[in-house]
Colleague: 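Structure incoming, see below.
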Number of protein chains: 4
Amino acid sequence: MMLGAMARSYPQLVRGRPRDEEADVALVDATLALLAEQGYSGLRMEAVAARAGVAKATLYRRWPDKVSLTIAALSRIPELPAVDTGSLSGDLAALRDAVVRLFKTTRLASVLPALAAERVRRTSASAKIDAFIRTRYQPWIAAIERAIARGELPRTSADPVLIADLLAGVMMQRVFFTGGRVDDKAWKTVVDIVVKGLRAAASSPGG
Amino acid sequence: MMLGAMARSYPQLVRGRPRDEEADVALVDATLALLAEQGYSGLRMEAVAARAGVAKATLYRRWPDKVSLTIAALSRIPELPAVDTGSLSGDLAALRDAVVRLFKTTRLASVLPALAAERVRRTSASAKIDAFIRTRYQPWIAAIERAIARGELPRTSADPVLIADLLAGVMMQRVFFTGGRVDDKAWKTVVDIVVKGLRAAASSPGG
Amino acid sequence: MMLGAMARSYPQLVRGRPRDEEADVALVDATLALLAEQGYSGLRMEAVAARAGVAKATLYRRWPDKVSLTIAALSRIPELPAVDTGSLSGDLAALRDAVVRLFKTTRLASVLPALAAERVRRTSASAKIDAFIRTRYQPWIAAIERAIARGELPRTSADPVLIADLLAGVMMQRVFFTGGRVDDKAWKTVVDIVVKGLRAAASSPGG
Amino acid sequence: MMLGAMARSYPQLVRGRPRDEEADVALVDATLALLAEQGYSGLRMEAVAARAGVAKATLYRRWPDKVSLTIAALSRIPELPAVDTGSLSGDLAALRDAVVRLFKTTRLASVLPALAAERVRRTSASAKIDAFIRTRYQPWIAAIERAIARGELPRTSADPVLIADLLAGVMMQRVFFTGGRVDDKAWKTVVDIVVKGLRAAASSPGG
DNA sequence: GTCTAACCGAGACGGTACGTCCTGTCTTAGT
DNA sequence: ACTAAGACAGGACGTACCGTCTCGGTTAGAC
């Protein structure tokens, strides 16, 4: 059969015993579980390997440090809903709900600021953190861009990323720093302010 | 001599050798220096004591853990300018400048998210972190309240804390997570959106 | 009392918490026990620390490597009998008995060749091994010197160390390499050959 | 061609790909080189395979442990000269020279005591070590037996093995333990003492 | 000409020990 | 009751080898 012949014509490029893919899964699962239990600063490489039933070397062969491992584990969490609900307020409500639910049902809320701290330190892992955050942040930006395309937000408006930062920022500020709640009422207020502000700014630019 | 007599008239309440107050200063200075150099996760209690030229026990006698020590060190950084520049945009520009300058000239930007991570973990230190952040965040809230008092922002407007979170949040989001710059132009845009949004929301409440 | 005053006038020269002398004893005892059980190549630093009920750092603080630790442990074994039995044959019988008994009742026989192997490698530990062997070998040389002093061996005889090497050598050769027994009869024969050989060589030098 | 025909007439008894005989040579050579460089305790199976350009499994398929491998490597060293020089002193001088030269030009001197240590531990490898030493020790015993046959040593003399142990023993003692030199003068003295001692003991038995 | 069996290099695997580092506590002598 | 100094138990770090295994691929005799 064609596929068989094709597969045979692309032989294994790396030699030697292939890596055990079950180990990957077990390690990532163990990491995620331990992150949820102990938070990032309580994550121990030895504990990860032990819980995964894997030798330490097998762990280090895959991820050289805690940051890489953590990002691999977080990547298993399903992305934020990228679905188009048809309206900006609907999209933003969905995004808020997803974030709030994740942080309410797990202790993963401590992981993101921990990674942010590492990112700021400008270590070798900074780039990986950057890339991860960029990927996961995409749904927020996409929601804004859809709103502009729909005409919900003025076309002459500010940078979509800045608008996303304004909306996501208030949530992060409350969740991570001040501890304020981001309930439905507060979120509606925020969205209202930002949408009306953008429209007003578009019709009378400048201060 | 007067001072001697005064000292003698207020005798030490606790017996034994009094604590060396120079040690406090040396420890806090060492902590701040090491935080700036290595970030929070690179801060070592041993290194702090060594750089301060102080025994480890002396350090632990004053601060029981890394969080307390870090907060004590951060408390040496002058507060954000609480001065009233006379206008909201002036106040906010001053606040932004102070934060951006601090994070540009030192590597202290990694400390706040690190503390946030500890805070979320709900350790015994959470309360201290909460209190510290609340104190340091006050100037932002005060600026909003002054603007409302001045009439720059509508009196029927949203919770001043929420407005402050919106403004500070976009900055934190960019500095800590997405890495976007918070330059003068972006800041002006943000302030413009928020102010106009608040006014519009006040005149036509609801969505 | 004089001694008390004297002690007080020589204050502790090293500062800080003094080393726990019980740990020294526990470590050396554990080492000796493990050497007897597992031999030199089976000796594990972790096992020593664990059996002594001591942290690994405490072990490494005292002895930087396995060789040093082993020598410290062997030094706890009482020296060979240095007593003067009054005759060369008596002295040599006593020395033989002591060595044979030690190697029959323990498995320490593997330790000396292991150290010899390290000695030959000319590592940093070679000097320590040299010094240990020299000390422990002294009774053999002393026995020869006493015999010369007594007139049992000719005064014009060969180097006492060479004679000792001849006698001890045949024992080591059998115990460590060829596996031959060094029983009373063989030992008497050896001593007889060496003594008579020395006397004959003294009376008619050269080949 | 003859050889081909001969090979064909003795077909392989086992099926499958035959072992690569070059690998044997490369492994043994690599082992010997590494033993000379690092000594027995510094010998690493991985290093042997790597230097031989061979997979680890190929090494383990041939020799199950370090002792077997080491013995195989040592077996490549030419045996001690078994030639009959016509006199005992000549034979012994030749034997001494061969041993001293080997240990001066290589660091193989550490290997024999290391094997001795393993032998004493009575592991599964003890028998192999015993056999190797016995084979290699044969020339010493043969030299003594030739001397007895020649009449150089008394026919009623002690066990030839014991005499050989006496002579070889003093050398091993010095080389491995006390570090004394075995130069020409010392060796002549030793041989003189032993020969004269044997003759004297034969003419007047007992102490 | 397959088929089967044992080999081959490469390198991942579970496991164990290494020697170092740091934490938070404790024990000295001395202030 | 404090101080500096530094030892202590405990525990995690990241690395190095061990001996085994699992791949794809090779090389022979047997069928």
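A, B, ... follow the sequence lines: proteins, then strands. Residue 1 opens every chain.
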Colleague: Just to verify, what does Leu112(A) make a side chain to side chain contact (heavy atoms under 4.5 Å, CB included) with, not counting sequence neighbours?
Modeller: Phe176(A), Phe177(B)

Colleague: Rounding to an integer number of Å, can you tell me how far Leu69(C) CG sits from dG19(E) P?
Modeller: 11 Å

Colleague: Quick one: list whatever passes side chain to side chain contact (heavy atoms under 4.5 Å, CB included) with Ser68(B), sequence neighbours left out.
Modeller: Trp63(B), Pro64(B), Asp65(B), Lys128(B)

Colleague: Can you tell which of Leu43(B), Val48(B), Leu32(B) makes a side-chain contact (heavy atoms from CB on, under 4.5 Å) with Thr70(B)?
Modeller: Leu43(B)

Colleague: Where along residues 32-45 of chain B does a heavy atom come under 4.0 Å from DNA chain E, residue by residue in number order?
Modeller: Arg44(B), Met45(B)

Colleague: I'd like to check Val25(A) versus Glu22(A) (side-chain heavy atoms, cut-off strictly below 4.5 Å). Are they in contact?
Modeller: no

Colleague: Taking side chain to side chain contact (heavy atoms under 4.5 Å, CB included) as the test, write out the residues that go with Thr123(A), two or more places apart.
Modeller: Glu118(A), Arg121(A), Ala125(A), Ser126(A)

Colleague: Looking at Arg76(B) and Asp29(B), does any basic side-chain N land under 4.0 Å from a carboxylate oxygen?
Modeller: yes

Colleague: Please state how far atom OH in Tyr60(C) lies from atom P in dA17(E), giving the value in whole angstrom units.
Modeller: 12 Å

Colleague: Grab the CG-C1' distance between Leu59(D) and dC17(F) for me, whole Å please.
Modeller: 13 Å

Colleague: Treating primed atoms plus P, OP1 and OP2 as sugar-phosphate and everything else as base, which nucleotides of nucleotides 8-13 of chain E get B, S or - for protein heavy atoms under 4.0 Å?
Modeller: SBBBBB

Colleague: What residues form a side chain to side chain contact (heavy atoms under 4.5 Å, CB included) with Glu37(B), not counting sequence neighbours?
Modeller: Leu34(B), Arg51(B)

Colleague: Thinking salt bridges, do Asp24(B) and Arg62(B) make one under a 4.0 Å N-O criterion?
Modeller: yes

